[in-house]
Amino acid sequence: MGFIKLIRIKGLLDIKEEKAEFFMEILKNFPFVKVKPLTPHKAEVLEGIKEAVEQVNLAKQEKVKLKSTRQLLDEL
């Protein structure tokens with residue numbers, strides 16, 4: 001007997017504003033999809049986190065050099 005593998009995917013979509021309402025209506029018609037719009041503030045915070053993670057990953061690959069703690073504090 002085979003096994004059924006269940007995959008749960010969570011993601012953040014970047015959709016042009018003029019198409020967003022249409023796309024959300026489509027998603028709402030699928031009973032297996034939960035739609036939870038983000039506030040502009042939360043979307044901005046998530047985008048900032050995403051960019052930070054990308055920078056850390058590039059630093060790990062030695063493709064960019066991150067600023068030191070001293071450099072960051074001096075900018076404040």
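Computed from a prediction, not measured in an experiment: that's the story for all the values here.
- Atoms CD and CG, from E44 and L38 in turn, are 12.0 Å apart once rounded to the nearest 0.5 Å.
- Using a 4.5 Å cut-off between side-chain heavy atoms of Ile, Leu, Val, Met, Phe, Trp and Tyr, with links allowed through other members, L13 and V35 fall into the same hydrophobic cluster.
- Under the 4.5 Å side-chain heavy-atom criterion for grouping Ile, Leu, Val, Met, Phe, Trp and Tyr, L66 is not connected to L72 through any hydrophobic cluster.
- Hydrophobic clustering (ILVMFWY, side-chain heavy atoms < 4.5 Å, transitive): V33 and F23 are in one cluster.
- Q71 CD to D74 CG: the interatomic distance, rounded to the nearest 0.5 Å, is 8.0 Å.
- With sequence neighbours excluded, the residues forming a salt bridge (charged side-chain N to carboxylate O under 4.0 Å, His left out) with E25 are K28, listed by chain and number.
- In this structure, L76 shares a hydrophobic cluster with L73, the cluster being traced through Ile, Leu, Val, Met, Phe, Trp and Tyr side chains under 4.5 angstrom apart.
- With sequence neighbours excluded, the residues satisfying side-chain hydrogen bond (donor to acceptor under 3.5 Å, both in side chains) with Q61 are K63.
- For the ring-ring contact (aromatic ring centres under 6.0 Å, His included) condition, no pair includes a residue of residues 39-76, sequence neighbours left out.
- By the salt bridge (charged side-chain N to carboxylate O under 4.0 Å, His left out) test, E47 is found to be paired with K50, residues two or more places apart in sequence or in another chain being considered.
- Partners of F30 under the ring-ring contact (aromatic ring centres under 6.0 Å, His included) rule, at least two apart in sequence or in another chain, are F32.
- Residues V64 make up the rest of the hydrophobic cluster containing L58, defined by ILVMFWY side-chain heavy atoms closer than 4.5 Å, directly or through other members.
- Heavy-atom contacts from other residues, nucleotides or ligands closer than 6.0 Å to CD of E18 number more than 12.
- For E75, the side-chain hydrogen bond (donor to acceptor under 3.5 Å, both in side chains) partners at least two apart in sequence or on another chain are K67.
- The salt bridge (charged side-chain N to carboxylate O under 4.0 Å, His left out) test applied to D14 returns no partner, not counting sequence neighbours.
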